[in-house]
Amino acid sequence: FGSIPHGGELIDLLLKGEQLVELKKRSVTMPSLLLTKKQLCDIELLINGGFSPLKTFMDEDTYTSVCNYMTLEGSEDGTVFPMPIILDVTKETLDIVLATESKELALRDEEGNLIAAITVSNYYKPNKTEEAQKTMGSVDPYHPGVNTIFNTKEYYISGLLEGAQLPVHYDYNSLRRTPKQVREIFRENNWENVIAFQTRNPMHRAHRELTVRAAELNPGCHILIQPVVGMTKPGDIDYHTRVKCYKTIIESYPEGLAMLSLLPLAMRMGGPREAVWHAIIRKNFGCNHFIVGRDHAGPGEDKNGNLFYQPYEAQELALKMADRLNVKVLPFQMMVYVPDHDKYYPVDEVPKGLETANISGTKLRHLLRTGGEIPNWFTYEKVVRILRESCPQRSKQGFTVFFTGFSGSGKSTIANALNEALLEDGSRSITLLDGDVVRTFLSSELGFSKEHRDLNIKRIGFVASEISKAGGIAICAPIAPYEAARNFSRQIISQNGGFIEIHISTPIETCEKRDRKGLYAKVRAGQLKGFTGIDDPYEAPENPELRIDTTDVSVKDAVDIILNHLRTEGYIN
Ligand code: PPS
């Protein structure tokens with residue numbers, strides 16, 4: 001039933017019985033490596049055969065061959081494998097293992113569970129620029145896959161890999177299945193020919209229509225919906241929300257046509273090579289057809305707005321390799337809705353003269369954020385409800401107002417006044433993280449070196465992101481003189497709610513003239529050193545959401561400007 005595994009045999013690296021007991025005993029004295037999230041994803045698919053015929057992380061020859069030829073044997077006509085599967089370690093770890101007699105390394109998850117052991121027989125220092133160029137077609141660190149390559153540790157290791165247990169998951173265990181388990185289900189249900197559909201996004205009607213159409217065009221085929229729940233593109237909708245959507249949408253398929261199973265894959269967003277890799281993985285899961293849509297596993301655009309890959313580049317490579325994979329690649333154009341027919345069509349098959357409609361991911365996010373109506377032709381009501389819950393409109397979301405500016409610029413005064421105005425008008429809970437308050441309760445041991453200031457801002461950012469996540473409002477008023485630390489806060493807070501940076505740009509001369517706390521006088525008297533704006537740097541934000549100079553703006557006016565902004569952006573009513 002289904003496809004023959006890639007390379008002929010479905011790999012299973014889990015030791016059993018005596019061998020397992022013996023490995024566990026030996027592991028006690030082995031040095032340990034704490035696996036990263038990516039490494040855990042890779043090892044899970046190595047152990048359960050998802051990456052068959054691989055039996056371990058790639059040695060130098062295999063790695064070089066994969067980078068150069070997309071094959072395992074060092075020649076152009078070998079077994080196709082387009083993506084390096086490597087285990088990266090630091091020089092320190094490598095030295096520790098090499099100093100042992102057995103050269104064994106215990107591979108553990110963060111709870112300390114033994115996942116596998118590797119006997120190091122090969123190690124090498126990769127040329128990461130070459131790897132990125134050859135596998136991702138780019139050396140731009142803005143590309144998530146390239147960025148991952150550049151951030152791997154300096155040595156790659158290989159050798160006999162012995163599995164002790166699959167990585168532990170506490171969620172959706174009934175939907176997480178190994179290739180062997182999926183194949184068994186196919187056999188039980190008499191599914192001889194199966195089309196796999198890969199996704200890292202929520203599914204809507206277009207995806208449902210596309211997959212059903214694929215089955216119609218290939219009579220006798222069933223469908224495996226296999227979304228990625230390992231690592232996807234940063235900024236994607238979290239997999240908990242997505243799995244809820246998939247569970248809903250699977251119910252809309254004709255009875256017995258489709259099944260849902262989750263894949264713990266760490267995507268590289270490598271476009272063409274990734275499409276071929278995805279097809280191989282699905283082949284190992286027993287599928288003999290694989291859908292490749294528009295911009296498959298594409299990371300989108302670079303900083304200058306240029307696409308990393310052309311929209312149909314992944315399809316072209318997958319189609320070219322299809323015969324050698326023994327998988328039928330089903331290329332699909334983008335599906336669009338034709339209102340006159342109340343039907344979806346591939347964009348190149350729309351009957352002449354008819355209007356089409358589509359809602360892009362960006363537009364959908366905007367509609368969710370603003371509470372705008374999402375039409376029935378686009379998705380299912382239940383899916384909309386799930387998405388709205390996970391991405392509430394801004395007036396129901398938490399947010400952070402992050403002031404930055406010199407001491408005495410007016411940050412604290414405006415922050416206090418804003419706090420009261422918001423309390424008077426709204427019902428969300430508010431936490432005021434003023435510079436002095438934070439330094440009393442959160443950062444009491446810190447001084448004013450760059451290092452300590454950055455740590456202070458990171459702590460504030462972390463607390464504010466947790467407050468925003470819980471739906472509250474955080475008002476922060478530190479000096480926050482360094483751009484990088486402010487950006488860190490922006491980044492972690494934006495994942496959980498709104499972030500509004502306000503530069504209180506009152507000039508240092510005015511701040512010094514006011515000198516409410518008498519600190520500037522102290523500086524001038526030589527009693528205080530490293531004071532921001534006098535003898536310590538302040539990097540003014542380049543693009544804050546608001547910039548207010550309190551020289552000529554009253555506290556009341558400043559608060560009105562901020563409230564107006566919050567209203568216009570939809571954070572408050
Ligand atoms: S930072 O850089 O963001 O961590 O600074 P912050 O925690 O906001 O500073 C809090 C208050 O510390 C007082 N203070 C100093 N400020 C700047 N430089 C030096 N060396 C310094 N020493 C003490 C100052 O009053 C800050 O409060 P604000 O509310 O800004 O006046």
Side-chain angles (χ1 to χ4, degrees), residues 400-420 430-468 473-493 499-551 553-555 558-559 562:
T400 295
V401 179
F402 193 100
F403 291 98
T404 168
F406 295 126
S407 174
S409 57
K411 303 181 304 282
S412 306
T413 316
I414 299 173
N416 276 318
L418 177 67
N419 180 27
E420 282 170 17
I430 309 180
T431 305
L432 192 55
L433 295 165
D434 191 30
D436 284 333
V437 174
V438 169
R439 282 192 173 267
T440 308
F441 294 105
L442 198 61
S443 295
S444 56
E445 85 287 21
L446 299 184
F448 289 88
S449 62
K450 175 173 188 311
E451 210 187 352
H452 277 192
R453 286 180 196 262
D454 281 351
L455 190 53
N456 183 37
I457 299 308
K458 280 191 175 171
R459 287 180 187 171
I460 295 174
F462 172 71
V463 174
S465 81
E466 291 297 312
I467 291 166
S468 304
I473 300 174
I475 303 177
C476 314
I479 297 175
Y482 297 107
E483 173 95 28
R486 288 195 305 261
N487 280 346
F488 169 84
S489 297
R490 177 184 287 276
Q491 209 206 328
I492 58 166
I493 292 166
F499 182 82
I500 301 101
E501 183 180 42
I502 305 181
H503 179 204
I504 302 296
S505 59
T506 317
I508 192 83
E509 299 76 27
T510 315
C511 300
E512 182 164 6
K513 225 178 277 162
R514 290 179 185 161
D515 204 11
R516 297 236 167 80
K517 297 184 187 166
L519 290 173
Y520 287 91
K522 272 196 180 161
V523 177
R524 297 299 176 194
Q527 292 164 2
L528 193 54
K529 297 249 177 298
F531 200 79
T532 306
I534 306 287
D535 57 350
D536 216 49
Y538 180 80
E539 300 167 0
E542 278 177 25
N543 289 308
E545 275 68 19
L546 288 173
R547 206 187 299 275
I548 302 172
D549 177 348
T550 62
T551 315
V553 177
S554 70
V555 175
V559 170
I562 299 166

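In each ligand, atom 1 is the first atom listed, and ligand 1 is the first ligand listed.
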For [X], does the [atom1] atom sit with more than 12 other heavy atoms under 6.0 Å from it, leaving out its own atoms?
X	atom1	answer
Gln527	CD	yes
Tyr482	OH	yes
Glu451	CD	no

- Query: Does any N or O in the side chain of Ser465 come within less than 3.5 Å of the main-chain N or O of Phe462, such that one atom is a donor and the other an acceptor?
  - Reply: yes
- Message: Looking at Asp515 and Gly518, would you say the former's side chain and the latter's main chain have a donor-acceptor pair under 3.5 Å?
- Response: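 Side chain of Asp515 to backbone of Gly518: a pair is present.
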Identify, for [atom], the protein heavy atom at the shortest distance, and state residue, atom and that distance.
atom	answer
atom 30 (O) of ligand 1	Lys411 NZ, 2.8 Å
atom 2 (O) of ligand 1	Arg453 NH1, 2.8 Å
atom 6 (P) of ligand 1	Arg439 NE, 3.5 Å
atom 11 (C) of ligand 1	Asp436 OD1, 3.3 Å
atom 14 (N) of ligand 1	Phe448 CZ, 3.5 Å

- Query: Side chains of Asp549 and Ser505: is there a donor and an acceptor less than 3.5 Å apart?
  - Reply: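 Short answer, no.
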- Task: Classify the side-chain pair Thr400/Ser468 by whether it contains a donor and acceptor separated by less than 3.5 Å.
- Result: yes
- Query: When the ring planes of Tyr520 and Phe531 are compared, do they come out parallel, tilted or perpendicular, using 30° and 60° as the limits?
  - Reply: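 Rings of Tyr520 and Phe531: perpendicular, over 60°.
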Can you list the ligand 1 atoms lying under 4.0 Å from a non-hydrogen atom of [X]?
X	value
Gly530	18 (N), 19 (C), 20 (N)
Asn456	1 (S), 4 (O), 7 (O)
Lys529	20 (N)
Pro481	2 (O), 3 (O)
Lys517	25 (O), 27 (O), 28 (P), 29 (O), 31 (O)
Pro478	3 (O), 8 (O)
Ser412	29 (O)
Ile457	3 (O)

Side chain, backbone, both or neither: which applies to [X] and ligand 1 if a contact is any heavy-atom pair less than 4.0 Å apart?
X	answer
His452	neither
Ser407	both
Asp536	neither
Ile479	both
Val438	neither

- Can you name the one residue among Arg524, Lys522, Lys517 that meets salt bridge (charged side-chain N to carboxylate O under 4.0 Å, His left out) with Glu512? Arg524
[X] N/O under 3.5 Å from ligand 1 N/O:
X	value
Ala480	yes
Leu528	no
Asp434	no

- Message: Heavy atoms only: which of Tyr520, Tyr538, Phe531 lies closest to atom 19 (C) of ligand 1?
- Response: Phe531
- Take Thr532 and Arg453 through the test side-chain hydrogen bond (donor to acceptor under 3.5 Å, both in side chains) and record every step on the way to the result. CA-CA 11 Å; Thr532 306; Arg453 286 180 196 262; 2.9 Å; yes
- Task: List the steps, then state whether side chain to side chain contact (heavy atoms under 4.5 Å, CB included) holds for Phe402 with Ile502.
- Result: CA-CA 6 Å; Phe402 193 100; Ile502 305 181; over 6 Å; no
- Do Lys458 and Phe488 meet the cation-pi criteria used here (NZ or CZ under 6.0 Å from the six-membered ring centre, within 45° of the axis)?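 Yes - Lys458 lies over the ring of Phe488, closer than 6.0 Å to its centre and within 45° of its axis.
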- Query: Is it true that Arg459 and Glu445 have a side-chain N and a carboxylate O under 4.0 angstrom from each other?
  - Reply: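 A salt bridge is present here (some side-chain N lies under 4.0 Å from a carboxylate O).
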